[in-house]
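Data first, discussion second: the structure below is written as C-alpha cells.
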Amino acid sequence: MKRIVISLLLFLLAAPSFSLAAEERDRDTARQINALMNEALAKYHIPGASLAIVHRGQTVYQESWGTMSDGSAVTADTTFLIGSVSKPLTALAMMMLAEEGKLKLEEPIETYLPWFTYQTDSGKSITVRHLLEQTSGIDAYDGMKVTDREDRDREKGIAQAAAELSGVKLSRTPGEAYEYNSANYLLLGAIVEAVSGQSFSAFMDTRIFSPLGMNHTSADYESAVSKGFVPGYRSWFGKPVKGDGLYDPSGAPYGYMSSSSGDLAKFIKFMLYGGELISEHGLKQLRTPPESNRRYGLGWHFPRSGEKYPYHTGATPEYRSELFIMPEQELGAVLLMNKYHETEAVAYLSIMEGIRSIMKGEKPQLAEMNASTQWMTLGVVILFAAVAVISFIRLQRKTAVNKPLWVCSGALSVIIAAGLVPLFTYSMGVSWRTVGLFLPDIAFLVHCLIGVLAVHGLLAIIFIAAKQNVS
C-alpha cells in the first residue's frame, strides 16, 4: 500500500512536467509548420493560403497567410474554390442516397438517367460505382470537352453538360481500368438531381453543408459570391497574375464547390469519426482503399505505396487545394491556396508532404519550382523569330535565290504552324482549351510561335512569287 501511495504522489508531482513537455512539443510543431509555410509561400509566389490540421478530434493548428485578389486578408473563413476536393463531398452525397434506398451503387446509370446514352463495344453498362471509382470507360479527353466551362445556365448547368456528353463512345470496357475523369462526377451530380428531386446545390446545402456546420461552403456561383468568392491567380512564369474568376455552373460535383479551411476541418472530423449523415458501414466504405491494382476508391485517392490513407488534391485555373485523413492516427489536414499552374503541381504537393513529415517528427523538404518550360518555350519563339528576320534580310539582299527551296521552306513553316496545336494536344492528351486554362503562359507562347511560323512561311511564299513576277 505504501508503494502505491508513493507511486501516486510521484505521478502527481511529475504530471505538470509531462503537460509542459507536451505543450512545448506542440509549440515546436507549430513553429516548424509556420516556418515551412512561410518558406513555401515565398518560394512559390503564392499570394494567399489557409491551413487547418485536425488531430484526435480537435483542430490543433489553424493559420492563414496573405491576401485574396480583392485585397482582403485570408482567414479560416475565407472562400476558396476547392477543385477536385469537391469529389469526396459528392461521393458522400451518393452514399447517403444509397443508404436511403434511392439508388444502388451496382445499378446501371441509365436507371437514373434514362436519357443519357453512350456507345460501347462490350455491351457492359456503366454503373454508379464505376463513376465513383473512375472506371466508367469514358475517355478523359471527351470529359475535357464538357468540363471547366462558363457558358452554361447557372440553374441547369449540370443537366446541360451531361446532355452534351450524351452519346459519347467509350474508350474502354466499364470497370476495366482506372482513368481519372471529372466527367464521371458530373454524371454523379446529374444522378443526385434526378433521384433527390432537388438541384445539386440545394441537396448539398440542406443535406450536408448545413448539418455539418459548413456555413462558408457552397455548390453554386451565387452562393459562393455571397460568401466571398473572388477571382484567384493564374501563374505566368511562376508569378501570380489575377484571373477572371472562372466558375463552371456545371462543375460543383467535380471541382467547383467553394469552401474555407475552417469548414473543411469540420468535414475532416466527420470523415474521421462519422456522424448522423451515414452509417459506420457507409463511412467505412468511403475510407476503404480500392483493389490492390487500383488507386482510386469512392471519391478518394490512395497512395500507391506505404500507408493507404484517403486524400485528394484539387485545382481550378486559379485555385489549388489538398486534403487528407489518416483514420488510424486520428489525423487530417486541409491546405487551400489561391494560385495554380499545372507545372507547379509537384512543388505544391511537397508542402503537404512536409506538413506530414513535421507531424511525424521528421524534417520537411520543399521541392524546387522553376519556370524552365516557359523560358525554354520563350527561347524557341525568339530563336525562330530571329531566324525569320535574318532570312528575310538575306533574301532581300540576294539577286539570285533558290526559289524552290524558299517556297518549300515557306510551305513547311505554314504546315508546322497549322499542325502545332493538334500535335501539342495529342502528345499531352489534353484539349487545347484545357492547356489555355491550366498552362496560360505556355499556351500564349505557342500562339506566338504559330504566328512567327505562319508569317514567315506566308511572307516567304509571297516574296518569292513577287520576285518571280518581276523577273
Side-chain angles (χ1 to χ4, degrees), residues 84-118 124-138 153 155-163 165-166 174-175 181-214 217-220 223 249-257 259 266-267 270-271 274-288 290 296-300 310 312:
S84 289
V85 172
S86 304
K87 290 181 175 72
L89 287 158
T90 298
L92 172 58
M94 300 305 293
M95 185 60 68
M96 291 171 62
L97 290 168
E99 292 196 338
E100 292 168 8
K102 293 182 178 179
L103 60 82
K104 295 180 180 179
L105 301 187
E106 312 304 334
E107 196 75 14
I109 61 172
E110 48 264 40
T111 303
Y112 312 109
L113 303 176
W115 47 267
F116 184 82
T117 63
Y118 49 92
K124 189 175 180 180
S125 295
I126 300 173
T127 67
V128 175
R129 183 178 291 277
H130 292 152
L131 295 178
L132 284 165
E133 295 180 341
Q134 305 275 14
T135 59
S136 67
I138 300 174
D153 186 276
E155 293 183 1
K156 300 178 181 179
I158 292 174
Q160 287 179 347
L165 186 64
S166 183
N181 187 353
S182 287
N184 291 323
Y185 277 70
L186 165 68
L187 293 176
L188 290 175
I191 291 173
V192 169
E193 293 188 333
V195 304
S196 71
Q198 295 179 279
S199 68
F200 182 80
S201 61
F203 180 90
M204 297 300 293
D205 185 48
T206 59
R207 299 295 307 280
I208 296 179
F209 302 155
S210 292
L212 293 181
M214 298 173 68
T217 304
S218 304
D220 66 89
S223 296
S250 66
Y254 65 79
Y256 284 82
M257 292 187 200
S259 191
K266 296 174 183 177
F267 177 57
F270 172 80
M271 287 301 303
E276 296 181 357
L277 299 185
I278 56 174
S279 66
E280 290 186 14
H281 177 68
L283 181 64
K284 184 178 179 180
Q285 287 188 73
L286 292 176
R287 300 190 317 204
T288 298
Y296 201 90
L298 301 183
W300 293 91
H312 221 296

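This chain uses plain numbering: 1 for the first residue, then up along the sequence.
Legend: residues meeting side-chain hydrogen bond (donor to acceptor under 3.5 Å, both in side chains) with D220, ordered by chain and number and at least two apart, are S223.
Between the side chain of Y256 and the main chain of S86, no donor-acceptor pair closer than 3.5 Å is present. Listed for the S199 side chain is a donor-acceptor partner under 3.5 Å among the backbone atoms of A202. Looking only at distances, no side-chain donor or acceptor of R287 sits under 3.5 Å from a matching main-chain atom of P310. Although no hydrogens or angles enter the test, the distance criterion places no donor-acceptor pair under 3.5 Å between the side chain of D153 and the main chain of Q160. A donor-acceptor pair under 3.5 Å is absent between the side-chain atoms of S210 and the main chain of T206, judged by distance alone.
The side chain to side chain contact (heavy atoms under 4.5 Å, CB included) test with L298 singles out one residue from R129, K87, M94, and that residue is R129.
Donor-acceptor pairing under 3.5 Å is lacking for the side chains of K104 and T127. E110 and S125 form a side-chain donor-acceptor contact under 3.5 Å, judged by distance and modelled atom types alone.
Taken from OG1 in T288 to CG in L283, the straight-line distance is 9.0 Å, to the nearest 0.5 Å. Atom CD of Q285 is separated from atom CD1 of I278 by 8.5 Å, given to the nearest 0.5 angstrom. The structure places CG of L212 at 8.5 Å from CG of L89, a figure rounded to the nearest 0.5 Å. Atom-to-atom distance recorded for M95:CE and S279:OG is 8.0 Å, nearest 0.5 angstrom. Annotation: the span from L277 atom CG to I208 atom CD1 amounts to 6.5 Å, rounded to 0.5 Å. Separating the OH atom in Y254 from the CG atom in L188 is a distance of 13.0 Å, to the nearest 0.5 Å.
Across every non-hydrogen atom of S250 and L186, the tightest pair is O-CD1, 3.6 Å. Between Y112 and V128, the shortest heavy-atom distance links the atoms CE1-CG2, 3.8 Å. The nearest pair of heavy atoms linking T90 to A252 is OG1-O, 4.4 Å. Listed here is the closest heavy atom pair of I126 and P174: CG1-CG, 3.8 Å. Shown here for I158 and A190, the closest heavy-atom pair between the two residues is CG2-N, 3.6 Å. In terms of heavy-atom proximity, M204 sits nearest to A93 at SD-CB, 3.8 Å.
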For F267 and T217, what are the C-alpha separation, side-chain angles and deciding distance, and is it a side chain to side chain contact (heavy atoms under 4.5 Å, CB included)?
CA-CA 11 Å; F267 177 57; T217 304; over 6 Å; no
What's the verdict on side chain to side chain contact (heavy atoms under 4.5 Å, CB included) for F270 and M214, showing C-alpha distance, side-chain angles and the deciding distance?
CA-CA 11 Å; F270 172 80; M214 298 173 68; over 6 Å; no
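No more than 12 heavy atoms of other residues, nucleotides or ligands lie within 6.0 Å of CD in E280, so this atom counts as exposed by the packing criterion.
With contacts defined as side-chain heavy-atom distances shorter than 4.5 Å, the pair M271/W300 qualifies. The side-chain heavy atoms of I138 and Y118, taken from C-beta on, include no pair separated by under 4.5 Å. The shortest distance between side-chain heavy atoms of L131 and I191 falls below 4.5 Å.
Screening residues 200-213 for salt bridge (Lys or Arg N to Asp or Glu O under 4.0 Å) gives E100-R207 as the qualifying pairs, with residues at least two apart or on separate chains.
Using the six-membered ring where Trp is involved, Y185 and Y296 have ring planes that are perpendicular, over 60° apart on the 30 and 60° scheme.
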